[in-house]
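Remember, predicted model here, so these are calculated numbers, not experimental data.
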Amino acid sequence: MGVAHTMSRMGDVLAGFHAAWEFESDSVLIRYERGLRTPKLLSALGERRIPLAAIGRVTLTAGKRGTVVLRAEPRPGADPLMEAAAGQLKEGCDPYRLVLPAERETLAQYYADELRERLTDSGPAERFLVDAPEAPLSFKAYDGKASFDGRTVRFRWFWTGASSAKWKAGDQSFAVSALSGVEWRSPEVFEGHLRLLRGDAAPAQADQDPATVVFGLGYGPVHESLPFAAAVLAAVRGRGNAAAVQAAAVPAAASPRRDPSDIAERIRHLGELHLAGLVTDEEFSAKKAELLAEL
């Protein structure tokens, strides 16, 4: 009885490398350190509250170089971040791992046992139980800038990286209601990208698809693009956090006027595509008029 009472108290903390877990009666609050040695994804997450209902299993295993690893395995479908990651995260970036010195194994075992006693389900969750990162969010990909305000995803193409197909299509806006999902392919592997899925639409090659931004060396890093993908995925499935719901209730602000120098640069690049035969006369005239209308 005494052991159960200890876990039910709010504020019990188990500190490890890069993170500390605070145990509460119905959840675990994970706070990540902000430091040079902390993986950037964890620093970007800051802290996350994980309801016990979102945890399917708890393990304690031997780690590297005199450490032990306490891990809370989320139930499938419970966490939008892990759903978006789809198994692509490196071990050190796993937000559900707590690495501890081996001499704290007994204490870690105690908390592991206590958590196990409180788990109720290990099967797939019917909805997201962990909050997604809050909007607004944005990041720079190789071929454009992606932004999300809680209800609309916008892609603004860079003339230095975007393909002619994307320039022809123009900057893109996608209402959450028009999307069916998100595909995130880590920038740490070949052909990394963020693709917005739209019903039964067949996806084109990433660099040709106006619903996709392409990553590259130094662009779309994990700590920026993955939280972005998770937030969009949560909104698509109708399980966004309170910030996203509030944003959806606020009338859209009028689009700001573009910088004239930016418009001039876009028209110049459009002219280069036209001269190269990649844009027809009609496409050139229509897109030029569209850009001038933004002044």
Side-chain angles (χ1 to χ4, degrees), residues 17-19 32 36-46 48 59 61 63-64 69 71-97 99 124 128 130 132-133 135 137-148 153-158 160-166 169 172 174 179-198 201-237:
F17 299 110
H18 309 315
Y32 304 101
L36 294 177
R37 294 186 178 183
T38 302
K40 289 184 178 180
L41 175 62
L42 304 186
S43 292
L45 292 175
R48 308 189 80 209
T59 60
T61 58
K64 300 176 181 177
V69 179
R71 185 173 191 272
E73 184 176 312
R75 294 168 57 193
D79 184 351
L81 187 82
M82 303 306 284
E83 291 297 301
Q88 299 176 73
L89 284 180
K90 291 182 177 179
E91 188 176 75
C93 291
D94 184 348
Y96 285 86
R97 292 175 80 249
V99 181
F128 288 139
V130 182
L137 295 164
S138 65
F139 70 90
K140 288 184 179 180
Y142 172 72
D143 56 359
K145 180 179 179 179
S147 61
F148 178 54
V153 182
R154 292 182 172 85
F155 292 160
R156 179 183 175 188
W157 307 121
F158 297 151
T160 52
S163 65
S164 58
K166 291 182 177 179
Q172 300 290 300
F174 302 90
L179 303 177
S180 60
V182 178
E183 178 185 85
W184 181 79
R185 184 171 176 83
S186 174
E188 297 176 342
V189 299
F190 182 62
E191 295 185 343
H193 62 258
L194 173 73
R195 188 191 304 275
L196 303 177
L197 305 179
R198 299 168 291 168
Q205 186 174 320
D207 65 344
Q208 303 295 311
D209 185 0
T212 304
V213 287
V214 176
F215 303 149
L217 185 62
Y219 294 93
V222 172
H223 70 282
E224 295 180 353
S225 61
L226 179 57
F228 185 103
V232 175
L233 181 60
V236 168
R237 294 191 185 177

(request) State, yes or no, whether a side-chain contact exists between Pro95 and Leu42 at a heavy-atom distance under 4.5 Å. (result)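 In short, these two side chains touch, coming nearer than 4.5 Å.
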
(request) Carefully, step by step, assess Phe155 and Asp143 under the rule side-chain contact (heavy atoms from CB on, under 4.5 Å). (result) CA-CA 9 Å; Phe155 292 160; Asp143 56 359; over 6 Å; no

(message) Salt bridge or not between Glu191 and Arg185? Use side-chain N to carboxylate O under 4.0 Å.
(response) no

(request) Start with the C-alpha gap between Gln172 and Leu196, add the side-chain angles, then the distance that decides, and say whether side-chain contact (heavy atoms from CB on, under 4.5 Å) holds. (result) CA-CA 11 Å; Gln172 300 290 300; Leu196 303 177; over 6 Å; no

(message) Using every non-hydrogen atom in the two residues, find where Phe215 and Ser186 come nearest and quote the distance to one decimal.
(response) CD1-C, 4.3 Å

(request) List the steps and the verdict of side-chain contact (heavy atoms from CB on, under 4.5 Å) for Asp94 and Leu89. (result) CA-CA 6 Å; Asp94 184 348; Leu89 284 180; 5.6 Å; no

(request) Determine whether Leu233 and Trp184 make a side-chain contact, defined as any pair of heavy atoms from C-beta on separated by less than 4.5 Å. (result)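 No, every pair of side-chain atoms sits at 4.5 Å or beyond.
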
(request) Taking all non-hydrogen atoms of both residues into account, name the closest pair between Gly220 and Pro187 and its distance. (result)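 Heavy atoms of Gly220 and Pro187 come nearest at O-CG, 3.0 Å.
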
(message) If we ignore hydrogens and angles and just use 3.5 Å, is the side chain of Thr38 paired with the main-chain N or O of Ser43 as donor and acceptor?
(response) no

(message) Testing the basics here: between Ser163 and Gln208, what is the closest heavy-atom pair and its distance to 0.1 Å?
(response)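 For Ser163 versus Gln208, the nearest heavy atoms are CB-NE2, 3.8 Å.
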
(request) Could you tell me whether the side chain of Leu45 reaches within less than 4.5 Å of the side chain of Leu81, counting heavy atoms only? (result)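 Of all side-chain heavy-atom pairs linking Leu45 with Leu81, at least one is under 4.5 Å.
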
(request) Would you check if the distance from the ring center of Phe158 to the ring center of Tyr142 is below 6.0 Å? (result)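 Between Phe158 and Tyr142, the centre distance exceeds or equals 6.0 Å.
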
(message) Given 3.5 Å as the limit, does a donor-acceptor pair link the side chain of Ser147 with the main chain of Ser138, or not?
(response)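 Answer holds: no.
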
(message) So does Leu179 get a backbone contact from the side chain of Arg198, meaning a donor-acceptor N/O pair under 3.5 Å?
(response) no

(message) How close do Leu137 and Ala231 get, counting heavy atoms only, and between which atoms?
(response)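 Closest heavy-atom pair between Leu137 and Ala231: CD1-CB, 3.5 Å.
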
(request) Taking all non-hydrogen atoms of both residues into account, name the closest pair between Val213 and Lys166 and its distance. (result)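 Closest approach of Val213 to Lys166: CA-NZ, 4.3 Å.
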
(request) Flag the pair Arg71 / Thr61 as yes when at least one side-chain heavy-atom distance between them is below 4.5 Å, and no otherwise. (result) no

(request) Could you give me the CA-CA distance, side-chain angles and deciding distance for Lys90 and Val222, then say whether side-chain contact (heavy atoms from CB on, under 4.5 Å) is met? (result) CA-CA 10 Å; Lys90 291 182 177 179; Val222 172; over 6 Å; no

(message) Measuring only between side-chain heavy atoms, which start at C-beta, is Glu224 closer than 4.5 Å to Lys40?
(response)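 A side-chain contact is absent here, since even the closest heavy-atom pair is not under 4.5 Å.
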
